[in-house]
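The figures that follow rest on heavy atoms only: side chains count, while hydrogens, waters and symmetry mates do not. Convention: sequence-line order gives letters A, B, ...; per-chain numbering from 1. The shown structure was predicted, so the numbers you read here are calculated from the model rather than taken from an experiment.
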Amino acid sequence: MGRYEPHQIERRWQAVWESERTWEVPNPGEPGFDDSKPKAYVLEMLPYPSGEPHVGHLKCYAVGDAIAHFRRRQGFQVIHPMGYDAFGLPAENNAIKTGEHPRVATQASIEEFRRQFRSWGVSLDWSRELATCDPDYYRWTQWLFLRFFERDLAYRADAPVQWCPTDQTVLANEQVVDGHCERCGSLVESRRLEQWFFRITSYADRLLSGFDLLESWPEHVVTMQRNWIGRSEGAEVTFRCAELDLDFPVFTTRPDTLFGATFFVLAPEHPEIERIAAGTGHEQEVRDYVDAAARASTEDRAADEGPKTGVALGRTVTNPVNGEQIPMFVADYVLMDYGTGALMAVPAHDQRDHDFATTFDLPIRQVVTNPDTPGREAEEASGSDSDGREAEEASGSDSQAEAYTGDGPMTNSDRFDGLDSREAYTAIVEWLQSDGKGRAAVNFRLRDWLLSRQRYWGCPIPIVHCERCGTVAVPDDQLPVELPDVDDFAPKGQSPLAAVSDWVNTECPSCGGPARRETDTMDTFVDSSWYYLRYLDAHNDQAPWGREAADHWMPVDQYIGGVEHAILHLLYSRFFCKALSDMGHLDVQEPFINLFAQGMITREGAKMSKSKGNTVSPADYVARYGADATRTYICFMGPPERGGDWTDEGVEGTFRFLARLWRLKEEVVARTAAGAGPPDPVAADGDARALLAKAHWAIDKATRDFQRGFQFHTAISAVMELVNEAYAVKDGLYGTSEGDAVMRIATATAASLIFPFAPHLGSEVYEAIEGDRVWERPWPEPDPALLESDTFALVVQVNGKRRDQIQAEVGTSEEELLRLARESEGVRRHLDGKQVVKEVVVPGKLVNLVVR
RNA sequence: GCCCGGGUAGGCAAACUGGCAAAGCCCGCGUGCUUAAAACACGCUGCUCGCAAGAGCGUUGCGGGUUCGAAUCCCGCCCCGGGCACCA
């Protein structure tokens, strides 16, 4: 008998799949298209090609490939493509360091990824391969940008950005670490610059309602997106500053507490600050505060510790509900980019306002009473003898230590007194609305997507700036606007593209006059927001995709990837899909109907990183144990949505199991005769029947594990059990035609079931026994007659403790089961001299006798 | 602080609607094969008694509760991981 030689087997099958283009699928209308089969789009998140693939990639593609194989054999026509998210910062940073063009390193990396994916035997349709940095791809990224631009879904506006004064560049948020530049360590500043945005906020509501169209997404991913979108219902209420003739609308989720507003606060970035302070004598103090706030890093401002800071503005606004003049402040706990950048402060019912009021000794007026502690706050406060806070708490007649944020009966609120705060909410909003002082409003935390980057290695924005015509779109027939080559990749306050003068200086497509190209490039998330559509028609040079192809394949039936993309990539893609459908380019509202988020693999409990030196290179393991063992191990480590700790012993364990299956095949081929035909399950008995039943149990178990959220680890263990059972009974089965047939069936079944994880070995073993290609065979179905047996083990308990086990016929009556139980050896011992007070019978399972 | 996950033998884990806790894999120990080792095959692997068959006991982070019966349901905590964090 030979040995299990994975590399030989893997090379052989990979050559077959490659030369026969096994995993390629045609589009509708193309030769070979089979419209009798339902489609399934199985997609793993495309990799960013940097260096070589790591274990996270291996896990993602091993999981995705198992799903693709399973669906194919269930009769689906599966599209399973691959590409590369090839623009991006790491390649560019490397270029800045080495002077080598980012294309060179990216291309080398793509080749390495491609080589390894093939060595893993992933069943990909290579005819649809793409790279986002390829002009044939980004031509259409630009084309799509122009469609958004035409509809005002892409626009240009002034925006605060993170600026590194040393590197003279704008930084992406991810490049700012604790308020400092990731590369040089300088303190990052905030600057206002003209930037490009996608109007994702106009899809906020639909991004929320779209969750109802999804079949299966991890709940926490949906929650994270919900929180990110951050929809709040409330009211917009206008506070007027009569002296300056200025209106200040504010957003509040608690219009019921309007009578409790005792002051008014603006964000330091609020555009009217200087005008408000002018002529009050507070100008200098205000200016100093605003400057300090601008200098403070976002982190410092967000830090929840320390007292609230702020400065009085020396003016008042009128509370529209009661005409009261309340003082205005500027404070950095108010954010310019949420709501209107101003708020009414209700210290009695908002903790932050309460903190501010306490620090600045401002009145705290309760307007909602806490039904649980009616009027006993003062007593509670005096009970504490802790620190020097008593003095502050004592100020203000009805102050509390904390804001009460719940509901309750209204007080101090004029004619709304006595109403429940929830009723008051509605009543006050209606009243404001009829008086023109406010209206019901919805506010979102989500902001528009800033897509421009002052970077080289990205997709150029196809816009030209003309002195006469303004911002002009590059006509479709002039696309792509190709990324020109440069020598110096270092950013100098604007994109390195700005230095390429013969590229920048161009003609206005509208008037023919001199014009300058937009030098910013796009965020790489734009590239990856539509790649799943390009796969469907990857070589179309008339359009980004054909409608027929998109209508046939979309949506993605199963998307697989890491949770790190839970918000940005998935939200952006959902936005693109909805916007493109609205434009008539698509007919789906949600791109990814099912999402599977894989867990992270660790080593010795720690996240893998180059600096820790605990990385695992898939290539090393594939070289040592073969792709099948490495992939199977990853799927066997534990539930794939959870993480797992990588151990070399574990890989060896799955290798041993695969080798054991291979040896079983060798022996079965040598010792049994083919062609006996499938045994009659009714005729089989003893070990033969038991093994056959085990095979069908494994089919049933593996199938259910696939359907139940990809519980691959238990599916694989079922195959291990089947193989173990075959080893246990094999010597007694060889030699009879029935025994031979059952051994062949059991071995082929194990091969068939392990195929989605170990495709090479699965093919090899199946072919050796059945003479057939396993991927062309339908996924096996269990024979119900073999899943059930006519007897079962009846567990007998006394007082909930197991005392005996009896074989009983299926369908035995409850009375009979009770009789059997009472008569059993183990039970009688425990019934001695005691009285049975209760009998519990669960048919088919157990009997419990309660005694005293 | 808030919102999600999770805590089960030495490690990873299983247990589908409350019904024999611990399948499978790893580690460890033993037996066979072997001159020997590796590989392989078989067995053991919660505790106690027993040569053994077997018997008894215990057990799912901690403390309560519901139930004939709880890893599973309820209440109160502790620990680990992740996300969000002045969002008016």
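Of the candidates B/A14, B/C57, B/A41, the closest approach to any side-chain atom of A/Arg803 belongs to B/C57. The side chain of A/Thr714 has B/A14 as its nearest neighbour among B/C27, B/A88, B/A14. Closest contact between the side chain of A/Asn724 and the listed nucleotides B/C25, B/C27, B/A13 involves B/C25. For A/Glu721, taking side-chain heavy atoms from C-beta onward, the closest of the listed nucleotides B/A14, B/C42, B/G24 is B/G24. The side chain of A/Asn848 lies closest to B/G19 when the candidates are B/G5, B/C57, B/G19. In this structure, of B/A88, B/C26, B/G6, it is B/C26 that holds the atom nearest to the side chain of A/Glu649. Checking B/C4, B/A88, B/C68 against every side-chain atom of A/Leu335, the shortest atom distance belongs to B/A88. Candidate nucleotides B/C68, B/C20, B/A88 were compared by shortest atom distance to the side chain of A/Thr252, and B/A88 ranks first. With distances taken from any side-chain atom of A/Arg642 to the nucleotides B/A14, B/C27, B/A88, the minimum falls on B/A14. Among the nucleotides B/G19, B/C84, B/A13, the one closest to the side chain of A/Leu846 is B/G19.
Backbone-only engagement by A/Val850 is indicated by non-hydrogen atom pairs under 4.0 Å involving sugar-phosphate atoms exclusively. A/Glu641 comes within contact range of no nucleotide atom at all, as no heavy-atom separation falls under 4.0 Å. Nucleic acid contact for A/Tyr633: none, since no nucleic acid atom lies under 4.0 Å from a heavy atom of the residue. Here A/Gly638 lies out of heavy-atom contact (under 4.0 Å) with every strand. Residue-level contact check: A/Thr647 touches neither bases nor backbone, having no heavy atom under 4.0 Å from any strand.
Look at the C1' atom in both B/G24 and B/G18: the space between them is 25 Å, to the nearest Å. Separation of the C1' atoms belonging to B/A41 and B/C78 is 47 Å when rounded to the nearest angstrom. Rounded to the nearest Å, the gap between the C1' atom of B/C20 and that of B/G69 is 12 Å. On the P atoms, B/U45 is 16 Å away from B/C29, given to the nearest whole Å. Look at the C1' atom in both B/G81 and B/G10: the space between them is 22 Å, to the nearest Å. Between the C1' atoms of B/U60 and B/A23, the separation comes to 16 Å (whole Å). Taking atom P in both B/G63 and B/U72, the straight-line distance is 13 Å, to the nearest Å.
For the residue pair A/Arg574 / A/Gln225, a side-chain donor-acceptor distance below 3.5 Å is found, with atom types taken as modelled.
Within the 6.0 Å centre-distance limit, the rings of A/Phe710 and A/Phe596 are counted as a close aromatic pair. Taking the six-membered ring where the residue is Trp, the centroids of A/Tyr4 and A/Phe655 are separated by under 6.0 Å. Proximity of the aromatic rings of A/Phe712 and A/Phe706 is defined here by a centroid distance below 6.0 angstrom, and this criterion is met.
Nucleotide B/C77 is matched to B/G61 when pairs are restricted to Watson-Crick or G-U wobble geometry with both distances under 3.5 angstrom. Across all strands shown, the partner of B/C68 is B/G19, judged by Watson-Crick or G-U wobble contacts whose two distances both fall under 3.5 Å. Base pairing of B/C25: its partner is B/G11, meeting the Watson-Crick or G-U wobble criterion (both donor-acceptor distances under 3.5 Å). Pair assignment for B/G56 gives B/C47, based on Watson-Crick or G-U wobble hydrogen-bonding distances that are each under 3.5 Å. Using Watson-Crick or G-U wobble geometry with both donor-acceptor distances under 3.5 Å, B/C2 finds its partner in B/G83.
The separation between A/Ile567 atom CD1 and B/C84 atom C1' is 8 Å, rounded to whole Å. Computed from coordinates, the A/Met224 CE to B/G81 C1' distance equals 13 Å when rounded to whole Å. Residue A/Tyr727 contributes atom OH, which lies 22 Å from atom P of B/G32 at whole-angstrom precision. Here B/C16 presents its P atom at 12 Å from NE2 of A/His713, a figure rounded to the nearest Å. When the C1' atom of B/C2 is taken as reference, atom CG of A/Asp350 falls 15 Å away, rounded to whole Å. We find that CG of A/Leu722 is positioned 18 Å from P of B/A23, with the value rounded to whole Å. In this structure, the CG atom of A/Asp700 is 11 Å from the C1' atom of B/C16, given to the nearest Å. Taking atom CE of A/Met600 as the reference point, atom P of B/C12 lies 16 Å away to the nearest angstrom.
At a cut-off of 3.5 angstrom, counting only N and O atoms as typed in the model, there is a donor on one side and an acceptor on the other between the side-chain of A/Arg704 and the base of B/C16. Residue A/Lys308 places a side-chain atom within donor-acceptor reach of the base of B/C86, judged by atom type and a 3.5 Å distance cut-off alone.
With rounding to the nearest 0.5 Å, the separation of CG in A/Leu761 from CZ in A/Arg631 is 12.0 Å. Rounding to the nearest 0.5 Å places CD of A/Glu564 at 8.5 Å from CE of A/Met600. Atom CD of A/Gln711 is separated from atom CZ of A/Arg704 by 12.0 Å, given to the nearest 0.5 angstrom.
Remark: A/Arg226 is not in phosphate contact with B/G83, judged by side-chain N or O atoms under 4.0 Å from OP1 or OP2. Between A/Arg3 and the phosphate of B/C40, there is no side-chain N or O to OP1/OP2 separation shorter than 4.0 Å. Taking only side-chain nitrogens and oxygens, A/Arg660 never comes nearer than 4.0 Å to OP1 or OP2 of B/A39. Under 4.0 angstrom from either OP1 or OP2 of B/A39 there lies no side-chain N or O belonging to A/Arg663.
Projected onto RNA chain B by closest heavy-atom contact, A/Phe657 and A/Lys838 fall at different nucleotides, the more 5' of which corresponds to A/Phe657. Mapping A/Pro639 and A/Leu343 onto RNA chain B by nearest heavy atom places A/Pro639 closer to the 5' end of the strand.
A cation-pi arrangement is present between A/Lys308 and A/Tyr333, with the terminal nitrogen or guanidinium carbon under 6.0 Å from the aromatic centre and inside a 45° cone about the axis.
The neighbour count for A/Arg819 CZ, taken as heavy atoms of other residues, nucleotides or ligands under 6.0 Å away, is above 12.
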